[in-house]
Amino acid sequence: MARTRITQEEALDFHRLPVPGKWEVQPTKPMTTQRDLSLAYSPGVAHPCLAIREDAQLAYDLTNKGNLVAVISNGTAVLGLGNLGALASKPVMEGKSVLFKRFADINSIDLELDTEDVDAFCNAVRLLGPSFGGINLEDIKAPECFIIESRLKEEMDIPVFHDDQHGTAVICAAGLINALHLTGKRLEDCRIVLNGAGAAGIACIELLKSMGARPENCLTCDTKGVIYQGRTDGMNQWKSAHAVKTDLRTLEEAMRGADVFLGVSAKGAVTPEMVASMARDPVIFAMANPDPEITPEEAHAVRPDAIVATGRSDYPNQVNNVLGFPYLFRGALDIHARAINDEMKIACAEALAALAREDVPDEVAMAYGKKLAFGRDYIIPTPFDPRLIHRIPPAVAAAGMRTGVARKPIEDAEAYGAQLRQRMDPTASVLRGIHARARASQGTMIFAEGDDPRVLRAAVLYQRGGFGRALVVGRSSDVKDKLAAEGMADAVGELEVVNAANTPHLETYKSFLYQRLQRRGFDAHDIHRLAARDRHVFAALMLAHGHGDGMITGATRKSAHVMDLIGHVFDVDTASGAVGVTAVLQRGRIVLIADTLVQEWPMERDLALIARRGAQVARDLGLTPRVAFLSFSTFGHPVSERATKMHLAPRVLDEEGADFEYEGEMTVDVALNTKAQEAYPFQRLTGPANVLVMPARHSASISVKLMQEMGGATVIGPILAGVDRPIQLCSTVSTANDILNMAVMAAAQVERNE
């Protein structure tokens, strides 16, 4: 997997637009009427206040405490950047907060404390304790991080967890369990070498010792060599706890005959010669970021039998903390835990290891663009495995209950697992799958409107994102000036600009177009104007002749007009069976709405075709299609001539033997709400519909734009289905990111077509 190139400007724009920062606060109760306000604040709020005073545990039932974690830092060890200070650490802490929400549906607030004084830091966090269900410490330098975590764990009655230490340790332990399983070795018999005696390294070795590694078999090294009994140079109490009696003094000496190497140090700290000297089937966790102590290629060149893990996503076996902390806290919060102890961390590691040994679901393979199976290149689950949310927290919660830190034990484990499944956000995995397939296809994408800055920015992002090659239709001087005006002058040489003046294929294009249009009132002069001067037609001709894999247009012209122009080159009218399908993503849900582009007033057989096209797009996105034919009536009531076609369309699919779920006619609430569906036990949908077939194009268009403007939904499309080449139409209000999404969608279609 290629590493995505991210420029400073892109990163700053991501954090700046459309609003500064990465999260916002949304109320969970209505705040519209005077009564709502009276219940939310005064006088209604007095009742829960008094109830909590009588029973503090009720705070978990009456407030958001039980699902709220604080991410706290003083910015003294920000990523690999050093001591940047509290304020400069905020982007990282905001990012950690949204990871809690994305992966475990935990609300999180970032707090940056402007102090390097341990006492002041601890006092501030301790005093904040009543507000939160847990504390995640982040990016605090050693040795202060050890002192701070230890003190806060003693002083507070909620989980306090320094992820830089224990998150890495948990994932490392999970990977090592499986690596030893593959090599037939036992942890208690292994010689383990740790390089890097900072927060993460010491946490790793401590957890492995808790799991059964023998202290005398564990050698810890730092920049001064082996930490041995009697050493005084560069020592502290945390290093001293792992000093061993040995004559070995250097990392090179320690590595000879070692079974396991754990690196949390620096790029290049391990040489091929060191790896060559290790025992059979060596296990190498080179976790330095962004560059490992030794790359997998370097290690395998001298030891093909090595199992190698790194901290990088572009290598197999990524040691990624996001596999741990969200699910540890999820399990801890759900039992109202007083702490996260070693038993809970070990349970998390063992559950992760067990999950990696199981068959990998198709949606995970789709997201990563390849089939994954337990083995030397897959010993740790991927962060986007949908099973993590309902497999890891129950194991953590069970360990917490066994060890007595649970205030509220879980009584029904099966119901708890089902509740956790409902917390999954399906849109994230869908988009991940689209991106993976797009990268696999490496499609050449034609951006038809190269005179628009949004389109140019999207083209640059497409190419820099590793999705493939971007071709921009426009004039070179114009593209250069617009990129410079956008602050992207460095991208001028990256994009290939194409037009009628610089293509050798213009006469071929014109001949093709004349053959299509000569009996529709177009003469040779008309053909020349269309092919040479209209960028939409020119781009479509490029696509029709295989000089690109997909086409993005519509950002500067109304979709109806663009469709007319594309129709000169491709059959995209009602008779051709083309359909516009628009994806609407909002609050963890995704629905496809059709037809938003072609069919003005479809009848029952047209509607059946639209349903088929929508179901295919759903499958392309990794969804199991459930189609609903929408109307203002449900199953024949109220009776209306305008609803009859929606009533008849499912019968057409019955006759055709459609191989997906469908039902109708029905109102939108019945289609999307399983509770409403229960009133109709005969209906055939097994869950909320994800493909909505509308009675007419105008109702489809209105629905999409209403969701976009009033509901804040993300809209992708319309996706032009039923055409043999990927053509995506943006709206005139599209942002550069919207256009990029369309290009990625087109590239994913290329991969599917191939």
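Quick note: numbers below take in every heavy atom, side chains included, and nothing from hydrogens, waters or symmetry partners.
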From CA spacing to verdict: side chain to side chain contact (heavy atoms under 4.5 Å, CB included), F447, L471: CA-CA 6 Å; F447 293 83; L471 301 179; over 6 Å; no
Stepwise salt bridge (charged side-chain N to carboxylate O under 4.0 Å, His left out) test for R619 and D659: CA-CA 12 Å; R619 285 174 170 148; D659 61 348; 3.4 Å; yes
Side chain to side chain contact (heavy atoms under 4.5 Å, CB included) between L37 and M31, worked out: CA-CA 6 Å; L37 297 178; M31 294 288 171; 4.2 Å; yes
Check against side chain to side chain donor-acceptor pair (under 3.5 Å), T686 and E661: CA-CA 8 Å; T686 60; E661 291 183 28; 2.7 Å; yes
V584 and I590: CA distance, side-chain angles, deciding distance, side chain to side chain contact (heavy atoms under 4.5 Å, CB included) verdict: CA-CA 6 Å; V584 179; I590 180 168; over 6 Å; no
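Taking CG from L506 and OG from S511, the interatomic distance works out to 11.0 Å, rounded to the nearest 0.5 Å. Taken from CG in L585 to CD in Q708, the straight-line distance is 11.5 Å, to the nearest 0.5 Å. Separating the CD1 atom in I593 from the CG atom in L630 is a distance of 8.5 Å, to the nearest 0.5 Å. The OH atom of Y462 sits 12.5 Å away from atom CG of L495, with the distance rounded to the nearest 0.5 Å. Here L517 contributes atom CG and D526 contributes atom CG; the two are 9.0 Å apart, rounded to the nearest 0.5 Å. A distance of 13.0 Å separates CG in N502 from CZ in R475, rounded to the nearest 0.5 Å.
A donor-acceptor contact shorter than 3.5 Å links the side chain of Q463 to the backbone of E494. The backbone N or O of L543 sits less than 3.5 Å from a side-chain atom of R725, completing a donor-acceptor pair. D478 places no side-chain N or O within 3.5 Å of a backbone atom of D451 that could act as its donor or acceptor partner. For S701 (side chain) and H698 (main-chain N/O), no donor-acceptor pair under 3.5 Å exists by modelled atom type. Of the possible polar contacts, none joining the N741 side chain to the I716 backbone as a donor-acceptor pair under 3.5 Å is found. In this structure, N67 contributes its side chain and N64 its backbone to no donor-acceptor pair below 3.5 Å. With D564 contributing its side chain and H561 its backbone, the two residues share no donor-acceptor pair below 3.5 Å. Distance alone, capped at 3.5 Å, places no donor-acceptor pair between the D595 side chain and the V579 backbone. Counting only distance, with no hydrogens or angles, the side chain of E449 and the backbone of G554 share a donor-acceptor pair below 3.5 Å. Side chain of R626 to main chain of P688: a donor-acceptor pair is present (N/O by atom type, distance under 3.5 Å, no hydrogens or angles).
At most 12 heavy atoms of other shown residues, nucleotides or ligands fall within 6.0 angstrom of atom CZ in R35. Other residues, nucleotides and ligands place no more than 12 heavy atoms under 6.0 Å from the NZ atom of K705. Other residues, nucleotides and ligands contribute more than 12 heavy atoms inside 6.0 Å of the CZ atom of R684.
The pair D571-R516 meets the salt-bridge criterion, since a charged nitrogen lies less than 4.0 angstrom from a carboxylate oxygen. One finds no salt bridge joining D452 and K482 here, because no Lys/Arg side-chain nitrogen approaches an Asp/Glu carboxylate oxygen to under 4.0 Å. Ion pairing between E486 and R454 fails under the 4.0 Å rule for side-chain N and carboxylate O. Using a 4.0 Å cut-off between charged nitrogen and carboxylate oxygen, D654 and R651 do not count as a salt-bridge pair. With salt bridges taken as basic N to acidic carboxylate O contacts below 4.0 Å, none links E665 and K645.
A side-chain donor-acceptor contact under 3.5 Å links S734 and S731. There is no side-chain donor-acceptor pair under 3.5 Å between S633 and S640. Side-chain atoms of D669 and T667 include a donor-acceptor pair closer than 3.5 Å. Inspection of the T382 and D385 side chains reveals no N or O donor paired with an N or O acceptor under 3.5 Å. Using modelled atom types and a 3.5 Å distance limit, the side chains of E604 and H647 yield no donor-acceptor pair. Residues N673 and Q677 bring no donor and acceptor atom of their side chains to less than 3.5 Å of each other.
Taking the centre of each ring, F522 and Y514 stay at or above the 6.0 Å mark. Two rings, from H545 and H505, have their centers 6.0 Å or more apart.
Between M551 and T553 there is a side-chain heavy-atom pair separated by less than 4.5 Å. Annotation: side chain of M666 is in contact with side chain of L685 (closest heavy-atom distance under 4.5 Å). Between V670 and Y680 there is a side-chain heavy-atom pair separated by less than 4.5 Å. Within the 4.5 Å cutoff, the side chain of L461 has heavy atoms near those of the R457 side chain. Residues T556 and R535 have side chains in contact (heavy-atom distance under 4.5 Å, counting atoms from C-beta outward). Between D724 and F570, the closest side-chain pair of non-hydrogen atoms falls below 4.5 Å. Using a 4.5 Å heavy-atom threshold, the side chains of K29 and P27 count as separate. Residues T503 and Y509 form a side-chain contact, since some pair of their non-hydrogen atoms from C-beta on lies under 4.5 Å apart.
Of all heavy-atom pairs spanning G548 and I446, the tightest one is CA-CD1, 3.8 Å. In terms of heavy atoms, P383 sits closest to L388 at O-CD1, 3.6 Å. Minimum interatomic distance between A671 and L692 (heavy atoms only, all atoms of both residues): CB-CD2, 4.3 Å. Closest of all the heavy-atom pairs between G614 and V691 is O-CG2, 3.8 Å. Across every non-hydrogen atom of A736 and A458, the tightest pair is O-CB, 3.5 Å. Considering every non-hydrogen atom in both N499 and G474, the closest pair reads ND2-O, 2.8 Å.
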